[in-house]
Visitor: 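First the structure, then my questions, so here it is.
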Amino acid sequence: MENETKKDNTANYVDMAVHSGVAPIEVRYSGIYDCYNKTPIAYKSFTYINSVIDGVIPPEKYCFAADGTDTGIKLAERNIINAMKMIDRLENAGRNVRFVTARCPAVLAERDDMYEFVHSLIKRQDFHKPEKLCLEFPQSLLYGDKEKVRVGMLNMKLLKVMTMMTGCGEDDCPVTPLMSIPVDSVLLSPAITSLTDSRTGSSNAAAFITLIKDFDIKIYADGVCGDGQITSLLRLDCSGYIPSPGYKGVAVHGKLRMTADEAEAEKEENG
């Protein structure tokens, strides 16, 4: 009961922040890097809430509370708009990235009007690069009505909008629903990434990655700690990686939570 009350209060605080007169949102970006040349190929966005109660709240602290509420949908709308603006900004700066993510709650994928919801935002922003917009869903995407979610993902393909599921390989992430839910890519959990160069776990990680790839899903890895893991991911034909805060190696990466200016300043070529 106490947890439910805390969840409701957190959702209320987030809602207050979204509707306050103070700019409620600050977006940061993590680079997603190529396994071969270690240069940035995409960006994962993180939306921080400037709370009227608790100051700056990272997404890890509010998503669980907000995802099942109307506030979660309102945040998704802002996230999608911010991602489109960032894509346009990178394009204007001569940057050629594959995509920028916009985090969305899993409930959005079950809505009958998901196509209209996303399409209206694209039209409102006069956005012309939908293929570079990637809607990012948590692994709870796989818990809901599978047919509705499947249709939602197919509708995004009609809009040429990409989809990604994070948390792939976490203890609470089922795998078999991915056979019928056509996300474009998944982000491996750091726990799976850590096994890719392990003496005892590398074969299991390779089998897991091969299984997901057999569903015609691209794989990005989260939490890379060293160059051995990058080499293993390259060998397994993974599409990219996000470094861990504890990364040690020769590759040069941007900050884990960059400002838009810092992300724009990154280079796509070595040297």
Side-chain angles (χ1 to χ4, degrees), residues 2-32 42-90 99-111 114 117-118 120-122 124-125 127 133-141 143-144 161 163-167 170 172 187 189-190 222-223 242 244-245 254-264:
E2 181 181 348
N3 288 338
E4 287 299 317
T5 301
K6 186 179 294 185
K7 177 179 175 181
D8 290 341
N9 286 340
T10 304
N12 289 336
Y13 295 153
V14 172
D15 194 58
M16 288 167 63
V18 169
H19 292 94
S20 71
V22 179
I25 284 177
E26 178 186 5
V27 183
R28 296 291 179 121
Y29 302 90
S30 282
I32 300 176
Y43 290 95
K44 184 180 188 294
S45 67
F46 297 85
T47 300
Y48 287 74
I49 300 295
N50 293 321
S51 167
V52 294
I53 302 296
D54 298 318
V56 180
I57 307 176
E60 293 86 353
K61 289 191 176 180
Y62 70 74
C63 281
F64 176 75
D67 275 2
T69 70
D70 289 342
T71 299
I73 299 297
K74 292 170 186 173
L75 281 168
E77 179 177 338
R78 284 175 174 257
N79 291 346
I80 293 169
I81 290 172
N82 283 327
M84 289 190 285
K85 288 180 177 178
M86 186 60 177
I87 292 164
D88 284 340
R89 175 174 177 170
L90 293 171
F99 58 83
V100 174
T101 71
R103 192 189 182 282
C104 301
V107 293
L108 176 62
E110 294 188 63
R111 285 176 49 150
M114 183 185 180
F117 177 83
V118 177
S120 67
L121 295 179
I122 291 173
R124 185 197 308 176
Q125 293 300 120
F127 183 62
L133 173 63
C134 181
L135 304 189
E136 172 197 324
F137 297 94
Q139 64 264 35
S140 54
L141 180 75
Y143 302 168
V161 170
T163 55
M164 170 186 280
M165 188 198 76
T166 62
E170 293 282 6
D172 60 347
L187 185 65
S189 71
D222 195 11
I242 297 175
S244 160
K255 294 178 182 177
L256 292 182
R257 303 282 171 101
M258 292 177 278
T259 64
D261 288 343
E262 291 167 335
E264 181 185 328

Visitor: Test of understanding: with ring pair (Phe, Tyr, Trp, His ring centres under 6.0 Å), list the residues that count as partners of Phe137, not counting sequence neighbours.
Guide: none

Visitor: Does some side-chain heavy atom of Leu121 sit less than 4.5 Å from a side-chain heavy atom of Phe127?
Guide: no

Visitor: Find the distance between CD (Gln125) and CG (Leu133) and round it off to the nearest 0.5 Å.
Guide: 11.0 Å

Visitor: Between Val107 and Arg111, does a side-chain contact (heavy atoms from CB on, under 4.5 Å) hold up when you go through it step by step?
Guide: CA-CA 7 Å; Val107 293; Arg111 285 176 49 150; 5.9 Å; no

Visitor: In Å and rounded to the nearest 0.5 Å, what is the OH to CD1 distance from Tyr48 to Ile25?
Guide: 13.5 Å

Visitor: Can you find a heavy atom in the side chain of Ile242 that is under 4.5 Å from one in the side chain of Lys44?
Guide: yes

Visitor: Of all residues at least two apart in sequence or in a different chain, which pass the side chain to side chain donor-acceptor pair (under 3.5 Å) check with Ser45?
Guide: none

Visitor: Hey, what do you get for OH (Tyr29) to CG (Asn82), rounding to the nearest 0.5 Å?
Guide: 6.0 Å

Visitor: Rounded to the nearest 0.5 Å, what's the gap from OG on Ser244 to CG on Asp222? Could you check?
Guide: 8.5 Å

Visitor: Supply the atom-to-atom distance Arg257 CZ to Glu262 CD, rounded to the nearest 0.5 angstrom.
Guide: 13.5 Å

Visitor: Tell me, please, which residues at least two apart from Arg89 pass side chain to side chain donor-acceptor pair (under 3.5 Å).
Guide: Asp261, Glu264

Visitor: Within a strict 4.5 Å, meaning less than it, do heavy atoms of the Met165 and Leu187 side chains meet?
Guide: no

Visitor: Measuring from atom CE of Met114 to atom CD1 of Ile73, what distance do you get when rounded to the nearest 0.5 angstrom?
Guide: 9.5 Å

Visitor: Test side-chain contact (heavy atoms from CB on, under 4.5 Å) on Ile80 and Leu135; report intermediate values, then the result.
Guide: CA-CA 8 Å; Ile80 293 169; Leu135 304 189; 3.8 Å; yes

Visitor: Heavy atoms only: give me the nearest Pro105-Asp67 pair and the separation to one decimal.
Guide: CB-O, 3.5 Å

Visitor: So which atom in Gln139 and which in Gly167 form the shortest heavy-atom distance, rounded to 0.1 Å?
Guide: OE1-CA, 3.6 Å

Visitor: At their closest point, which heavy atom of Asn79 faces which heavy atom of Arg103, and how far apart are they?
Guide: ND2-O, 2.9 Å

Visitor: Do Ile49 and Leu75 have side chains that approach each other closer than 4.5 Å (heavy atoms only, starting at C-beta)?
Guide: yes

Visitor: Can you check side-chain contact (heavy atoms from CB on, under 4.5 Å) on Val161 and Ile122, steps first, answer last?
Guide: CA-CA 10 Å; Val161 170; Ile122 291 173; 3.9 Å; yes

Visitor: Less than 4.5 Å apart, side chain to side chain, heavy atoms only: is that true for Phe46 and Ser30?
Guide: yes

Visitor: Can you name the nearest heavy-atom pair linking Glu110 to Gly144, along with the distance?
Guide: OE2-CA, 3.6 Å

Visitor: What is the minimum heavy-atom distance between Leu141 and Ala109, and which atoms define it?
Guide: CD1-CB, 3.5 Å

